[in-house]
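Remarks on the structure that follows.
Small disclaimer: the values here were computed from a predicted structure and weren't measured. Here is how names work: the chains are called A, B, and so on, in the same order as the sequence lines, proteins then strands, and each is numbered from 1.
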Number of protein chains: 2
Amino acid sequence: MSPCPQFAADCPSRVLFDQIADKWSMMVLAVLDDGPQRFNAIKRRLEGVTQKALTQCLRKLERNGLIARRVIPTSPVGVEYAITPLGRSLQVPFRALYAWTAENLPKVERARNAFDGGTGAGTLAL
Amino acid sequence: MSPCPQFAADCPSRVLFDQIADKWSMMVLAVLDDGPQRFNAIKRRLEGVTQKALTQCLRKLERNGLIARRVIPTSPVGVEYAITPLGRSLQVPFRALYAWTAENLPKVERARNAFDGGTGAGTLAL
DNA sequence: CGGTATCCCACCTGATACTG
DNA sequence: CAGTATCAGGTGGGATACCG
């Protein structure tokens with residue numbers, strides 16, 4: 001199986017992957033999967049995210065049709081973000097990835113210890 | 001479903017995700033899925049990758065136990081990289097993600113055009 | 001509240017040169 | 001061949017301040 005025999009720069013998979021695989025996108029979608037959320041509510045659940053980074057991430061997700069932005073014209077403006085059906089469909093492969101991390105974290109940690117601890121002897125064991 | 005009620009910075013999924021979700025890792029694993037490859041052979045198949053970036057990526061994958069590095073003591077040294085069973089297991093969720101990109105690229109492109117073209121009216125359509 | 005604008009700095013990048 | 005070393009330069013992040 002090789003969908004792209006070579007990974008050209010304009011390979012659709014590459015282009016799209018660059019869009020969805022950043023540090024925060026997956027988590028934002030996971031948060032919004034619980035239901036629509038306000039900006040600061042999302043921010044509170046993503047430990048370590050800055051306002052700037054979150055804003056950029058939300059814009060990108062919105063641009064790609066994965067989330068929807070709705071302005072609530074209250075006294076101090078409110079903005080609500082909601083996951084779209086397209087965004088929800090991306091949750092499926094994302095959850096598969098999450099499951100992999102949960103299942104294989106111990107193995108990765110063991111490999112890392114072997115690599116770091118050894119003088120490079122890790123290559124022998126594999 | 002919320003495996004992490006909140007995304008703490010030390011959430012195992014977050015930590016591991018940061019390790020595997022960079023620009024090149026997924027493609028390197030896909031290339032090595034065809035069989036062991038030499039450094040420059042991999043480089044040739046990843047259009048746009050620099051030697052430095054590829055070296056860093058291969059080191060990280062090796063450290064995390066996803067690929068194995070083998071030095072072939074020939075006249076000009078040769079180095080062969082091979083995917084490990086652990087790396088191969090990661091291919092499963094990666095392929096699911098690839099399938100999603102292939103299937104949903106048109107929808108994303110349409111959303112993007114709506115967002116870019118419109119004055120922000122894209123929020124209405126969703 | 002939900003941003004945008006600004007500054008500043010760390011980092012990543014590309015290019016080049018050099019080594020075992 | 002497969003790197004490491006180095007340096008210039010652009011990109012992005014963090015902090016702060018300010019606007020609707």
Side-chain angles (χ1 to χ4, degrees), chain A residues 7 9 14-15 17-28 31-32 35-63 67-83 115 119-120 122-123 126, chain B residues 7 9 14-15 17-28 31-32 35-63 67-83 115-116 119-120 122-123:
Chain A
F7 289 95
R14 271 188 64 168
V15 174
F17 184 76
D18 285 348
Q19 290 289 315
I20 62 180
D22 71 275
K23 190 175 169 62
W24 301 107
S25 290
M26 195 177 76
M27 282 183 274
V28 168
V31 165
L32 293 183
Q37 306 275 326
R38 298 276 294 269
F39 184 89
N40 280 327
I42 300 170
K43 186 172 184 304
R44 250 171 272 124
R45 294 195 40 193
L46 268 46
E47 191 180 282
V49 75
T50 63
Q51 194 183 40
K52 190 176 177 178
L54 182 56
T55 300
Q56 288 172 345
C57 180
L58 289 169
R59 284 280 173 285
K60 192 165 73 172
L61 288 171
E62 186 193 0
R63 191 169 100 95
I67 64 172
R69 180 177 182 271
R70 196 186 62 136
V71 177
I72 309 162
T74 49
S75 36
V77 232
V79 181
E80 196 178 71
Y81 292 93
I83 194 168
F115 185 89
T119 59
T123 53
L126 293 170
Chain B
F7 290 95
R14 271 188 63 168
V15 175
F17 184 76
D18 286 347
Q19 290 290 314
I20 62 180
D22 72 275
K23 191 176 169 61
W24 301 108
S25 290
M26 196 177 73
M27 281 182 275
V28 168
V31 165
L32 293 184
Q37 306 273 327
R38 299 275 295 267
F39 184 89
N40 280 327
I42 300 170
K43 186 172 185 304
R44 249 171 271 125
R45 295 194 41 192
L46 268 45
E47 192 179 281
V49 75
T50 62
Q51 194 183 40
K52 192 175 176 180
L54 183 55
T55 300
Q56 288 173 345
C57 180
L58 290 169
R59 285 280 173 284
K60 191 165 75 170
L61 288 172
E62 187 195 0
R63 190 169 101 96
I67 64 172
R69 181 176 181 272
R70 196 186 62 135
V71 177
I72 309 162
T74 50
S75 35
V77 230
V79 180
E80 196 178 73
Y81 291 92
I83 194 169
F115 185 90
D116 294 346
T119 58
T123 53

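- Between A/F39 atom CZ and C/dT4 atom P the separation is 9 Å, expressed in whole Å.
- Contact check, B/R59 against D/dA2: no side-chain N or O comes under 4.0 Å of OP1 or OP2.
- Nearest heavy-atom pair, A/S25 versus A/K60, reported as atom, atom and distance to 0.1 Å: OG-CE, 4.5 Å.
- Whole-Å rounding puts the A/L54 CG to C/dG2 P distance at 10 Å.
- A 4.5 Å side-chain heavy-atom check between B/T55 and B/F39 finds at least one atom pair inside the cut-off.
- In this structure, B/Q56 does not reach the D/dG3 phosphate: none of its side-chain N or O atoms is under 4.0 Å from OP1 or OP2.
- Between A/R70 atom CZ and C/dC1 atom P there is a gap of 18 Å when expressed in whole angstrom units.
- A/V79 comes within contact range of the sugar-phosphate backbone alone, with a heavy-atom separation under 4.0 Å but no base atom that close.
- Following rounding to the nearest Å, B/D18 (CG) and C/dC11 (C1') show an atom-to-atom distance of 16 Å.
- Residue B/R38 places none of its side-chain N or O atoms closer than 4.0 Å to OP1 or OP2 of D/dC1.
- Side-chain atoms of B/K52 and base atoms of C/dG14 include a donor and an acceptor less than 3.5 Å apart.
- Side-chain nitrogen and oxygen atoms of B/T50 include at least one within less than 4.0 Å of the OP1 or OP2 phosphate oxygen of C/dG14.
- Rounded to a whole Å, the CG atom of B/D22 is 11 Å from the P atom of C/dC12.
- For A/R69, a side-chain nitrogen or oxygen approaches OP1 or OP2 of C/dG3 to under 4.0 Å.
- Using a 4.5 Å cut-off on side-chain heavy atoms (C-beta onward), B/F7 and A/V31 make contact.
- Within 4.0 Å of A/Q51, counting heavy atoms only, lies at least one base atom of the nucleic acid.
- Look at CG on B/L58: it is 7 Å from P on D/dG3, rounded to the nearest Å.
- Side-chain contact between A/V28 and A/L54 is present, with heavy atoms from C-beta onward closer than 4.5 Å.
- Of the candidate nucleotides D/dC1, D/dG14, D/dG3, D/dG3 has the atom nearest to the side chain of B/T55.
- As rounded to whole Å, 17 Å separates atom C1' of C/dG14 from atom CG of B/L46.
- Under the side-chain contact (heavy atoms from CB on, under 4.5 Å) rule, A/L32 has a single partner from A/E80, A/Q37, A/M27, which is A/Q37.
- Between D/dG3 and B/Y81, a contact under 4.0 Å exists linking OP1 or OP2 to a side-chain N or O.
- Between A/A53 and A/V77, the one whose closest nucleotide on DNA chain D sits nearer the 5' end is A/A53.
- Between B/I72 atom CD1 and D/dA2 atom P there is a gap of 8 Å when expressed in whole angstrom units.
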